[in-house]
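Working notes, beginning with the structure itself.
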Amino acid sequence: MVRLRQETGPDEAGLDVKALDRLDRHFAREVDEGRLPGFLVAVARRGRVAHLTTYGHRDVAAGLPVEADTLFRIYSMTKPVTAVAVLMLVEEGLLSLDDPVARYLPAFAEPRVYTGGSAPDVTTRPAEGPVLVRHLMTHTAGLTFGFYHAHPVDALYRAAGLESSVRPGDDLAATVDLYASLPLQFEPGTEWNYSVASNVLGRLVEVVSGRPLDAFFAERIFGPLGMTDAVFQVSDEQVPRLAELYGEQDGGGITPVPGLPLRGRPKLLSGSGGLVASAYDVHRFAELLRRRGELDGVRLLAPATVDLMTRNHLPGGADLRSAGSRPAHDVPGNAGVGFGLGVSVVTDPSRTQVPSGPGTFGWNGVATTTFWVDPGRELTVQFLTQVRPKGSHTVFPDLKRLVHEAVTG
């Protein structure tokens, strides 16, 4: 276990101390007023941590504080890790982004596309083309989530026991085969819909590499990068550092809620959202990407591959607001933001809801965790807490605004 630490002063890194103090006070109020249990925020310039703050509790009832080595469920921040694993296999010539997924996962051999009707009586047609690996990487495959409650295909996912993306008792192989048996929401490659695609990618990594997903991550990514606390299951030694998970209550405030079953190896290794990590782990991964695939003499990806990963791949150069037909995508925060291979990418800073540098990329987790990399400013940022919100919140836009106010050099 290695604990994240501050390595340089804000002034030396071109950050305004008063603005950083405003950032800390803002989120401290969120804790003091009962909207967050506690948080960790870290800002690094040119690879060196210049601001690191912990505040509040990792376990409110027990009075245990958030510390630099606290462990957090990072949920969908697992997806960029899975994307890196796939790209490593691409570089090794073991698969291509333009390969049909069915070449490795035969259940996807005859995809069908929704054409009309309501569940369970929907009509479908054969897809015009195959689901490709790149469609999974960009969430343009036509897959969905059962919890959206906004489309007849969502209802088919729920009827199949997939409201939470996985059917209790199934492993990753069985779960992915179940996804493949359901209709696609649209023709592959034509729209963007955030989905279960990263679980399919996780299974793809297993089949192509011949290794379980947790073993591949540990041996090929976490070990070489020194990400010593990034795991699918917490050990007895790690348990005391794991933060409690909270959910928002209808009347305000937060309360403990069930989280991932982290004691013992999960039957389903989720490439979509199964990881736990520390702030040090998140920092190391973000710096790997900021440095275009290399960190401290360890190279996992070629610079050109990271450039490809962090470029917008949505159809016609669209952004997240215009590339999806689902009303939930038509929100101001999606304007000017595209999607690469496993990460969001700022394509037009003038249209984004909050200040953003061109080419800024990263992703969030459902328990209000986030990281991003701003290559132009040589900046990496992370915010970690453990609250599953009931709806939209202002944590991420507030954080981006406050961080960008602090960048002076």
Discussion item. Phe145 vs Tyr157, test: side-chain contact (heavy atoms from CB on, under 4.5 Å). Steps then yes/no.
Written reply: CA-CA 7 Å; Phe145 280 120; Tyr157 275 54; over 6 Å; no
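With hydrogens and angles left out, the side-chain atoms of Asp24 and Thr53 include a donor and acceptor closer than 3.5 Å. Between the side chains of Thr175 and Asp170, no donor-acceptor pair of N or O atoms lies under 3.5 Å.
Contact of the Tyr246 side chain with the Val60 side chain is registered, since non-hydrogen atoms from C-beta on lie closer than 4.5 Å. The closest side-chain heavy-atom distance from Leu384 to Phe371 is not below 4.5 Å. No side-chain heavy atom of Leu275 sits under 4.5 Å from any side-chain heavy atom of Met77. Within the 4.5 Å cutoff, the side chain of Thr370 has heavy atoms near those of the Leu399 side chain. Inter-residue side-chain proximity for Met88 and Ile221 is flagged as met; some heavy-atom pair is nearer than 4.5 Å. Contact check for Val41 versus Phe27: no side-chain heavy atoms found under the 4.5 Å cut-off. Within the 4.5 Å cutoff, the side chain of Leu89 has heavy atoms near those of the Val205 side chain. Looking at Leu245 and Tyr75, their side chains come closer than 4.5 Å, going by heavy atoms from C-beta outward.
Checked options Trp363, Phe186, Tyr194; the residue passing with His139 is Tyr194 (criterion: ring pair (Phe, Tyr, Trp, His ring centres under 6.0 Å)). Considering Val101, Val196, Leu341 in turn, Val101 is the only one that fulfils the side-chain contact (heavy atoms from CB on, under 4.5 Å) rule with Leu136.
Within 6.0 Å of CZ on Arg5 lie no more than 12 heavy atoms contributed by other residues, nucleotides or ligands.
Below 30°, between 30° and 60°, or above 60°: for Tyr114 and His151 the angle between ring planes is above 60°, a perpendicular geometry.
To the nearest 0.5 angstrom, Asp154 atom CG is 4.0 Å from Thr144 atom OG1.
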